Amino acid sequence: MTQDYNQITIPEATALQQELRSKVLIQAPDFPINTVAGADISFNKNSTTVYAGIVVLKFPELQPVAYCLVKKEVTFPYVPGYLAFREVPALLEAWKLLKVKPDVLVVDGHGIAHPRGLGIAAHFGVLTGQPAIGCAKKLLFGKYDEPGEQRGDFSPLLNKGVMIGAVLRTKPNVKPVFVSPGYKMDVPGSLSLITQCIGNYRLPEPTRLAHNAVNHFREGTLPEGCVNTL
DNA sequence: GCGACAG
DNA sequence: ATCTTGTCGC
């Protein structure tokens with residue numbers, strides 16, 4: 001039974017997460033990675049309009065080659081642990097309009113590093129079958145020790161002794177990011193890919209460019225729609 | 001009961 | 001996340 005995320009209740013959302021969690025596939029990527037994409041959402045305070053976007057870049061060059069921007073109404077509130085019910089619908093709209101799907105999608109949020117093992121990246125992956133990775137800016141679930149201060153240094157993100165992700169330093173002396181597999185990816189593969197997506201900023205290029213795009217879109221600097229830069 | 005708590 | 005002012009450093 002499919003649900004309208006804007007009308008779903010927390011108990012129903014919890015049940016759906018537990019159901020979808022059994023469909024999550026965590027495995028080493030066995031396919032070539034020539035493109036990677038970043039997905040993010042932006043919105044004005046006190047507004048139900050969300051601006052979603054997905055930016056595709058060549059890998060490992062990290063040069064943007066296409067992007068899709070869509071606007072959607074959302075009433076489901078932000079509740080820690082249920083971010084997907086607020087952002088996935090809009091991201092799916094953008095996803096459907098994307099001409100060429102990327103080999104891997106990096107979502108702004110967590111993958112399996114979630115209380116019920118189903119962060120937004122895992123949720124999106126199960127729904128679309130798309131290999132995905134979660135890259136968040138803050139901890140939601142799990143324990144970790146502060147990683148080294150140099151770019152590339154990382155420490156394991158653990159849950160009862162099991163590695164569910166990694167805390168990665170993408171920039172010297174700057175707060176680290178939290179990486180965890182979402183779908184058809186594993187911890188080593190996710191950490192490796194994100195590390196290779198590091199540019200000169202705290203956020204890896206896919207997520208950083210997606211964040212920039214949705215903000216320009218919200219501010220009117222970029223129009224709604226899809227574009228292929230090649 | 002007391003903290004923690006993606007965006 | 002967004003909003004907003006101020007400060008530090010290249």
Side-chain angles (χ1 to χ4, degrees), chain A residues 5-6 8 10 13-14 16-17 20-21 24 38-55 69-94 105-126 132-144 146 149 151 157-160 164-168 170-183 190 194 199-204 206-221:
Chain A
Y5 287 181
N6 269 335
I8 199 169
I10 293 296
T14 301
L16 180 54
Q17 290 184 321
L20 296 180
R21 173 171 60 171
V24 174
D40 193 23
I41 293 287
S42 180
F43 57 87
N44 287 307
K45 191 175 182 180
N46 302 320
S47 170
T48 55
T49 301
V50 297
Y51 302 80
I54 295 177
V55 177
L69 301 168
V70 303
K71 192 168 57 174
K72 192 174 181 63
E73 291 303 303
V74 177
T75 57
F76 190 85
Y78 165 65
V79 180
Y82 299 87
L83 176 65
F85 295 90
R86 195 178 151 64
E87 306 194 343
V88 161
L91 289 181
L92 283 177
E93 293 276 294
L105 177 68
V106 181
V107 183
D108 191 25
H110 291 91
I112 59 171
H114 175 280
R116 289 168 292 289
L118 197 83
I120 187 169
H123 192 131
F124 187 93
V126 169
I133 295 173
C135 184
K137 298 179 290 299
K138 295 177 182 177
L139 173 73
L140 169 65
F141 181 74
K143 294 275 295 179
Y144 71 97
E146 197 67 17
E149 289 302 319
R151 171 178 310 203
L157 179 55
L158 311 166
N159 171 36
K160 301 174 182 175
I164 55 176
V167 185
L168 175 67
T170 54
K171 198 171 167 45
N173 306 81
V174 169
K175 296 295 294 179
V177 294
F178 302 77
V179 181
S180 62
Y183 191 71
S190 298
I194 296 300
N200 299 152
Y201 301 85
R202 182 200 177 203
L203 297 183
T207 293
R208 189 179 73 81
L209 295 182
H211 190 274
N212 286 169
V214 293
N215 277 324
H216 286 317
F217 177 29
R218 176 171 60 83
E219 294 160 9
T221 305

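If you're wondering where the values come from, they're calculated on a predicted model, not measured in any experiment. Sequence lines set the chain letters: A, B, ... in the order given, protein chains first and strands last, and positions in each chain run from 1.
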Write down the distance between [atom1] ([X]) and [atom2] ([N]), rounded to a whole number of angstrom.
X        : N     : atom1 : atom2 : result
A/Leu203 : C/dA1 : CG    : C1'   : 13 Å
A/Asn212 : C/dT2 : CG    : P     : 11 Å
A/Leu157 : B/dA4 : CG    : P     : 17 Å
A/Asp40  : C/dT2 : CG    : P     : 8 Å
A/Ile41  : B/dG7 : CD1   : P     : 13 Å

At 4.0 Å (heavy atoms only), tell me whether [X] reaches a base, stays on the sugar-phosphate, or touches nothing.
X        : value
A/Asp108 : sugar-phosphate
A/Gly134 : nothing
A/His123 : nothing
A/Phe178 : nothing
A/Leu139 : sugar-phosphate

Query raised in the report: Mind checking whether A/Tyr144 and A/Phe178 have ring centres under 6.0 Å apart?
Result: yes

Given [N], is OP1 or OP2 found less than 4.0 Å from the side-chain N or O atoms of [X]?
X        : N     : answer
A/Tyr78  : B/dA6 : yes
A/Arg86  : B/dA6 : no
A/His114 : B/dC5 : no
A/Lys137 : C/dA1 : yes
A/Ser42  : C/dA1 : no
A/Asn215 : C/dT2 : yes

Query raised in the report: What pair of heavy atoms forms the shortest contact from A/Gly81 to A/Leu140, and how long is it?
Result: N-CD1, 4.3 Å

Report task. Please work out which of the three classes, parallel, tilted or perpendicular, describes the rings of A/Phe85 and A/Phe76, given edges at 30° and 60°. Result -> tilted

Report summary line: Stems for DNA chain C (at least 3 consecutive Watson-Crick or G-U pairs, under 3.5 Å) come to none

Report task. Would you please name every residue forming a side chain to side chain donor-acceptor pair (under 3.5 Å) with A/Arg202, sequence neighbours left out? Result -> none

Query raised in the report: Dot-bracket for DNA chain B, 5' to 3', with Watson-Crick and G-U pairs under 3.5 Å, [ ] for crossing pairs and | for other-strand pairs: what is it?
Result: .......

